[in-house]
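Below, chains carry the letters A, B, ... as their sequence lines are ordered, and counting in each starts from 1.
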Protein chains: 2
Amino acid sequence: MKRVSIKDVAREAGVSATTVSYVLNRNPGETISAETTQRVLEAVRRLHYVPNLNARSLSSRRSNLIGVLIPQTEPGKEFMFSNPFYGELLSAIEYTARKNGYHLLLSGTQEDQSYVNVAQNRGVDGIIIVGAYPGRNLEELRGMNVPIVLVDSYVKDAAFHTIGIEDREGARMATEYLIAKGHRDIAFVSGSIREHGVNSKRYQGYCDALAAAGIAPDENALYSDTVSYEYGVAAAGEYVRRGRKQTAAFVTADVLAVGLVKGLLQHGLRIPEDLSVVGFDDVYLSRICYPSLTTVHQDIARKGAEAVRLIMEAAAGAHERMECILPLTLVERDSVMERRAR
Amino acid sequence: MKRVSIKDVAREAGVSATTVSYVLNRNPGETISAETTQRVLEAVRRLHYVPNLNARSLSSRRSNLIGVLIPQTEPGKEFMFSNPFYGELLSAIEYTARKNGYHLLLSGTQEDQSYVNVAQNRGVDGIIIVGAYPGRNLEELRGMNVPIVLVDSYVKDAAFHTIGIEDREGARMATEYLIAKGHRDIAFVSGSIREHGVNSKRYQGYCDALAAAGIAPDENALYSDTVSYEYGVAAAGEYVRRGRKQTAAFVTADVLAVGLVKGLLQHGLRIPEDLSVVGFDDVYLSRICYPSLTTVHQDIARKGAEAVRLIMEAAAGAHERMECILPLTLVERDSVMERRAR
DNA sequence: TTTGCTTACTGAAACGTTTAAGTGAATTTG
DNA sequence: CAAATTCACTTAAACGTTTCAGTAAGCAAA
């Protein structure tokens with residue numbers, strides 16, 4: 001039960017292996033007669049030949065493989081890859097990659113883990129890293145000789161291409177929207193605020209909007225290390241415990257916002273009557289949850305597509321650092337209402 | 001900027017490449033002295049050597065790579081991979097695979113597409129196929145010389161291992177539960193009912209429960225199309241159009257159930273007061289939606305883990321066909337209530 | 001007629017591993 | 001003490017491609 005190799009095809013077609021390779025790869029500069037091409041393709045079909053891509057990678061040093069690294073927790077505990085946003089992004093990346101002849105090498109990442117082993121040794125043509133933050137992991141990657149795209153990271157490093165969104169603008173937009181609806185006490189709920197992370201930018205945007213309206217930022221911002229539905233629920237409890245000072249909340253991730261809403265409902269509060277909520281990301285879930293979530297929309301499909309595009313361009317020889325920032329819009333749904341006296 | 005290879009390590013450590021390979025692979029039967037082992041490992045560390053897994057696969061004919069095929073639609077249109085269940089399952093597969101030293105080669109599949117090219121040519125050690133149904137695609141795979149695990153398929157074929165759940169039992173359980181709550185007119189909402197597919201089993205289970213209670217199944221209570229949130233919403237419209245005969249619905253996928261509920265709410269109906277709903281899968285979303293969904297729970301994390309285990313066992317030499325059926329339980333949440341007169 | 005160019009191929013090395021088979025030296029066995 | 005065994009390695013072939021550097025034939029140009 002041996003695999004059929006290029007040599008078998010060559011024998012069948014009465015040509016050399018080299019010729020078969022040239023036929024299959026339409027190698028520029030090489031000329032193969034129409035007749036021979038026919039014979040080779042015939043043989044390929046007859047023998048059901050499929051090229052061994054490992055051998056091809058080994059020889060040509062390109063693999064048509066893109067490594068994708070996504071934060072992962074133990075399964076069953078949380079959403080797919082800890083945030084449904086990651087799932088949707090992955091889906092978009094996969095789709096674009098496949099349409100361009102790439103395969104995906106998928107690996108989850110956990111805090112302490114080395115990034116390098118995960119992907120380098122397969123000879124990937126590029127790596128897309130989602131949700132990374134600076135640290136020894138990124139240091140490791142710098143030495144690698146492969147294009148790397150960081151998604152949603154504010155690391156400015158010549159070694160990494162980045163793709164992101166107008167975080168600060170988006171947050172300002174959301175907060176301004178709440179202010180325009182008459183709210184002045186606006187909670188800020190997010191995952192951990194780290195330097196170079198998206199949340200610090202979103203916090204800035206939130207402050208920008210408050211400042212423009214002459215409101216002092218709320219010292220009691222709620223945030224945690226993890227972006228999760230569970231933390232959203234917990235934050236609701238905390239909000240009640242603290243005396244429900246705010247009439248609105250800007251939440252930096254939909255999954256968190258949905259948890260918050262759920263938690264508040266469980267406490268017998270009504271949304272948006274008792275608290276107006278604006279989320280961030282516009283994951284599919286936001287349309288589904290109850291009440292449906294007013295949120296800052298980002299084009300996830302496009303983000304994935306651009307990530308793949310950057311890898312391809314870099315692999316094709318582009319050498320300067322590339323950066324791609326996508327715009328945001330606000331989508332109004334049912335989780336916000338005009339402020340009224342309580 | 002050359003890659004460091006095993007030969008560089010060999011030179012550095014003053015031994016042959018073979019010795020380095022033996023040290024790195026702890027090859028059984030081969031003895032390498034402690035001192036040499038030390039020297040080699042030192043050299044590996046000094047040179048930051050990482051083995052080229054493509055070369056390894058080529059030479060050893062095992063890749064530590066598992067191909068995963070998941071139904072995929074255009075991104076942005078629907079959930080991750082068309083059903084959040086797939087995302088959660090993928091997450092579980094990834095986790096288990098990684099813990100066992102495997103990487104994942106991910107590919108989405110679309111209706112018309114050949115499965116073979118997607119994975120075979122990378123020399124994967126096995127393929128996990130989610131949501132496949134018999135057809136020419138499976139025919140193609142039969143010829144391949146690689147363990148294949150079909151998830152949720154009732155294809156009985158010596159060429160494929162399978163992993164599934166007690167679909168019929170689960171459906172019976174759900175329907176019996178509704179009957180026990182006093183319902184007699186129970187809708188059946190599902191994706192397309194195909195031979196060898198899970199939905200035909202679930203339909204049987206639904207009929208079993210009705211029969212046991214002396215209820216004749218009603219053609220008019222059937223809603224079947226595609227598994228998607230959108231179709232759930234559409235089914236709600238259809239339900240209203242048909243005159244709201246049923247007081248309860250058994251829905252064969254949570255994502256569909258959530259759409260149905262959403263659609264009904266949009267029509268001004270209340271859940272569970274106007275319609276009791278039981279879903280299937282217990283995806284994370286079921287806890288989050290409003291009202292939270294009573295549903296048939298399956299252990300998705302375990303399912304993913306078992307899929308990987310089957311691949312590993314098959315790769316290790318097990319040759320008879322393996323089949324793994326996991327049990328189901330019913331989880332009660334807020335989408336069902338006792339029937340009362342209307 | 002020689003030279004040079006084009007066309008259509010082929011040979012062989014290289015990519016980075018694994019692994020079967022072998023090799024000497026040291027050690028044990030009969 | 002010779003023979004057999006064990007130990008600790010090495011040699012070289014193989015895995016299935018790509019690709020550089022030819023080559024031989026045909027033809028046009030000088």
Round to the nearest Å and state the distance from [X] atom [atom1] to [N] atom [atom2].
{"X": "B/E35", "N": "D/dA8", "atom1": "CD", "atom2": "P", "result": "11 Å"}
{"X": "B/L58", "N": "C/dG16", "atom1": "CG", "atom2": "C1'", "result": "9 Å"}
{"X": "B/N54", "N": "D/dT17", "atom1": "CG", "atom2": "P", "result": "13 Å"}
{"X": "B/L47", "N": "C/dG16", "atom1": "CG", "atom2": "C1'", "result": "15 Å"}
{"X": "B/N52", "N": "D/dT17", "atom1": "CG", "atom2": "P", "result": "16 Å"}
{"X": "A/K7", "N": "C/dG11", "atom1": "NZ", "atom2": "P", "result": "12 Å"}
{"X": "B/R122", "N": "D/dT17", "atom1": "CZ", "atom2": "P", "result": "13 Å"}
{"X": "A/L53", "N": "D/dC15", "atom1": "CG", "atom2": "C1'", "result": "15 Å"}

Counting only side-chain N and O atoms of B/T31, is one of them less than 4.0 Å from OP1 or OP2 of D/dC7?
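No.
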Reported CG-to-CG distance for the pair B/L310 and B/L150, which is rounded to 0.5 angstrom
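One gets 11.0 Å once the value is rounded to the nearest 0.5 Å.
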Interatomic distance, A/I311 atom CD1 to A/D125 atom CG [nearest 0.5 angstrom]
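Result: 8.5 Å between the selected atoms.
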Would you tell me whether [X] and [Y] have side-chain atoms, one donor and one acceptor, within less than 3.5 Å of each other?
{"X": "A/Q72", "Y": "A/T109", "result": "no"}
{"X": "B/N100", "Y": "B/R98", "result": "no"}
{"X": "A/H103", "Y": "B/R122", "result": "yes"}
{"X": "B/S21", "Y": "B/T18", "result": "no"}

Is it true that the NZ or CZ of A/K99 lies under 6.0 Å from the centre of A/Y95's six-membered ring and within 45 degrees of the ring axis?
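Because its charged atom sits under 6.0 Å from the ring centre and within 45° of the axis, A/K99 does stack over A/Y95.
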Protein-proximity profile, nucleotides 18-25 of chain D, B/S/- by nucleotide at the 4.0 Å heavy-atom cutoff, equals BBB-----
Please classify the nucleic acid contact of [X] as base, sugar-phosphate, or nothing, using heavy-atom distances under 4.0 Å.
{"X": "A/T36", "result": "sugar-phosphate"}
{"X": "A/S5", "result": "sugar-phosphate"}
{"X": "B/S33", "result": "sugar-phosphate"}

